[in-house]
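Data block below; observations after.
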Amino acid sequence: MVTVRCRIAPSPTGPLHIGTARTALFNYLFARRQGGTFVLRLEDTDVARNSLAYERDILDGLHRLGLDWDEGPEVAGLPARGPYGPYRQMERLSLYAAASARLLAADLAYPCYCSPEELAADRAAQEAAREPPHYLGRCAHLSAAERRSLEAEGRRPAIRFRIPPDETIAFDDLVRGRVEIATSALGGDLVIVRRDGSPLYHFSVCVDDAEMAMSHIIRGEDHLSNTPKHILLFRALGAPVPTFAHLPLILNPDRTKMSKRKTQTAVSDYLAQGYVPEAIVNHLALLGWSSGGTDELFTLDELTAAFELERVHQAGAIFDRERLDWLDGQWIRRLAPDDLARRLLPFLEADLAAKASLGLEVVEPTEADLIPLVHLVQERLPTLAAIGDLVDFLFIRELAVEPATLVPRHWDRGTTLAGLRAARQAIAALGEVSFDTEGLEPALRDLAAEHGWKAGDLFMAIRVAATGRTATPPLFETLVALGYGRTLERLDRARELLESLPAVWGG
RNA sequence: GCCCCCAUCGUCUAGAGGCCUAGGACGCCACCCUUUCAAGGUGGAGAUCAGGGGUUCGAAUCCCCUUGGGGGCACCA
């Protein structure tokens with residue numbers, strides 16, 4: 001029985017990408033399901049593009065999605081925990097140096113003195129001859145004397161790993177099945193250490209996966225063709241070759257590999273737009289995996305219980321935003337009221353802050369304000385960010401009502417004025433004590449009947465007067481939330497607004 | 001150019017030779033519910049299973065070819 005160890009190895013050169021999150025999710029699910037260990041390793045060797053802000057975004061994002069790891073940096077910028085550390089590649093440089101020295105000593109790798117110009121020329125010639133780009137092996141068999149003389153010229157070598165010329169590398173991929181690739185298609189001997197001594201990706205990743213005793217490498221299909229190089233490297237390093245599983249790619253709508261240019265890719269952007277982590281995780285799980293049953297909704301725990309790599313698909317899947325929207329609504333509706341209120345607050349605050357900056361006077365909302373509103377909004381929220389549109393009128397002191405919306409579709413200005421006056425009177429007659437849904441509904445329905453109005457039209461006039469919107473939660477509860485005094489006040493304001501308009505207006 | 005991978009409704013998918021005149025979900029349409037908007041309910045349109053050959057009594061399911069799509073071939077990760 002193999003002890004399962006798998007990992008996610010993001011580069012802090014950008015915010016947490018949806019594709020990285022999906023790979024992390026599948027690794028997490030596999031590790032948890034198998035009772036194994038899930039490791040986070042930061043591949044931060046691209047010093048020019050790294051940033052602590054990205055590292056923070058990645059760690060925060062994974063944490064917010066609930067994809068907790070057993071080993072690796074927990075907090076951006078701080079040291080990691082775990083027995084195989086360090087977990088940042090920049091802190092592991094001596095390991096790569098030692099590994100390359102070993103390969104060099106065993107003649108499994110050699111110093112290459114080719115200049116960038118020479119390599120570019122080779123490449124151009126190959127391109128002109130319509131050949132695949134590959135290293136010619138100019139430095140593969142230099143004598144010690146030749147090396148010395150090149151060094152004497154001041155040349156600094158890169159290190160190349162020898163790729164055997166006529167071999168077929170085969171492996172049994174857990175999602176693709178058996179894959180065979182000829183080494184002749186690998187592009188020749190592979191640079192593993194730059195002239196400046198820094199390790200290249202393919203090398204550092206294998207050294208780390210070997211040192212960290214990874215049993216399974218679960219990653220995107222874009223690495224499938226690179227796998228033979230990695231297998232060769234594992235062998236040369238004297239390490240057991242892990243089991244591979246290549247996940248189908250997440251695609252743009254045009255079926256190309258998901259990219260920032262064509263699809264929103266930052267997990268933090270989805271969170272900022274009010275998608276709940278439950279929905280994001282659920283959606284990602286369903287891109288490339290299915291349970292086999294008809295269930296569509298899965299919590300992380302349910303996914304963990306159901307997940308099997310054997311059920312991962314082979315074909316890429318388009319990231320369907322509309323399905324995410326639906327899932328988000330589903331998960332929002334399943335949240336406990338106080339939980340939802342807590343999550344909603346920052347979005348309401350942001351919405352009102354934006355309106356305040358536009359010149360509206362607003363009241364600072366609290367979680368306590370939100371809790372009694374939850375049952376009114378919960379089934380109306382496609383995302384958390386939609387909260388503002390639903391309840392902003394409760395926090396804005398003076399509504400800016402668009403006059404055109406004040407007159408219901410089947411009414412004219414005169415009828416609307418009459419309706420608003422009558423409603424105002426009826427509500428005032430109820431008094432503050434009977435100002436509740438039980439009091440309001442019969443009073444206003446009777447009023448409509450009395451005047452021969454359709455109740456819906458009267459309600460719409462009141463709705464717009466009280467909220468400034470034509471689409472709101474149920475009217476009577478909305479008015480109750482607004483309160484007796486403010487309801488009367490807004491009916492007055494709306495009436496005044498209509499009165500101030502020319503008589504011919506509206507209809 | 002070379003190598004590798006993939007191919008079921010618009011999208012995500014079920015399907016591991018007969019249960020498939022191909023099922024579910026999103027989206028779309030209609031109706032019901034209804035004071036608006038949602039949510040919910042019911043129903044509908046939507047796939048000659050990319051195409052062509054095989055194998056088999058029988059193929060969406062197995063094999064081959066074609067086509068289409070994607071990915072990879074860096075002193076990027």
Side-chain angles (χ1 to χ4, degrees), chain A residues 9-11 13-14 43-46 48-49 112 114-116 119-120 123 126-127 129-135 157-160 173 176-177 179-182 184-188 190-196 198-202 204-205 220-229 246 248-249 251 253-257 283 286-297 313-327 329 333 377-382 386 389-390 408 441 444-445 448 454-460 462-464 467 469-476 478:
Chain A
S11 291
T13 54
E43 311 223 322
D44 57 351
T45 54
D46 190 342
R49 293 194 298 150
C112 171
C114 295
S115 68
L119 296 172
R123 202 186 189 103
Q126 288 159 0
E127 201 167 310
R130 320 192 83 190
E131 289 171 7
H134 59 281
Y135 179 61
I159 298 175
R160 279 187 194 269
D173 189 285
R176 311 270 143 193
V179 178
E180 298 186 358
I181 297 178
S184 58
L186 263 29
L190 176 74
V191 176
I192 55 175
V193 179
R194 292 185 185 89
R195 246 183 315 173
D196 68 5
S198 61
L200 267 328
Y201 169 77
H202 292 302
S204 55
V205 84
E221 194 200 330
D222 43 357
H223 283 300
L224 191 60
S225 304
N226 293 325
T227 302
K229 293 173 189 169
H246 286 91
L249 261 20
L251 273 22
D254 64 3
R255 305 209 79 89
T256 54
K257 180 164 85 164
H283 188 235
L286 261 21
L287 289 179
W289 173 86
S290 64
S291 69
T294 55
D295 290 347
E296 307 281 339
L297 266 27
H313 308 150
Q314 304 187 305
I318 294 174
F319 187 90
D320 182 1
R321 185 66 171 257
E322 288 181 329
R323 193 178 164 89
L324 206 215
D325 286 343
W326 174 75
L327 282 168
R333 268 163 244 144
V377 302
Q378 189 155 21
E379 64 192 27
R380 275 168 251 271
L381 288 167
D389 285 351
L390 255 22
E441 177 152 11
L444 292 174
R445 282 193 189 282
K454 282 185 68 180
D457 292 329
L458 176 64
F459 294 172
M460 182 53 87
I462 298 170
R463 168 178 294 112
V464 176
T467 69
R469 295 179 180 278
T470 55
T472 69
L475 181 62
F476 309 115
T478 297

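Just so we're on the same page: letters track the sequence lines, and every chain starts at 1.
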What nitrogen or oxygen pairs link the protein and nucleotides 64-69 of chain B at under 3.5 Å?
none

For A/His223, report the nucleic acid contact type (base, sugar-phosphate, nothing); a contact means any heavy atom under 4.0 Å.
base
N/O (side chain, A/Lys257) to phosphate O (OP1/OP2, B/rG72) under 4.0 Å:
yes
Below 3.5 Å is the cut-off: list the nitrogen or oxygen pairs between protein and nucleotides 26-31 of chain B, distance only.
from: B/rC26; atom 1: O2'; to: A/Glu322; atom 2: O; distance (Å): 3.4
from: B/rC26; atom 1: O2'; to: A/Arg323; atom 2: N; distance (Å): 3.4

For the side chain of A/Arg463 and the base of B/rU35, is some donor closer than 3.5 Å to an acceptor across the two?
yes
So A/His134, base contact, sugar-phosphate only, or nothing? Heavy-atom distance under 4.0 Å.
nothing
Spell out, as yes or no, whether a donor-acceptor pair under 3.5 Å connects the side chain of A/Arg380 to the backbone of A/Pro473.
no
What is the nucleic acid contact for A/Pro474, judged by heavy atoms within less than 4.0 Å: base, sugar-phosphate only, or nothing?
base
Suppose you measure atom C1' in B/rU61 against the same atom in B/rU56; what distance do you get, rounded to whole Å?
13 Å
Can you check nucleotides 1-3 of chain B for protein contacts, nitrogen or oxygen pairs under 3.5 Å, and list what you find?
from: B/rG1; atom 1: O2'; to: A/Arg130; atom 2: O; distance (Å): 2.6

Within a 6.0 Å radius of atom CD on A/Glu127, are there more than 12 heavy atoms belonging to other residues, nucleotides or ligands?
no
Distance-only donor-acceptor check, side chains A/Arg194 and A/Ser198, under 3.5 Å
yes
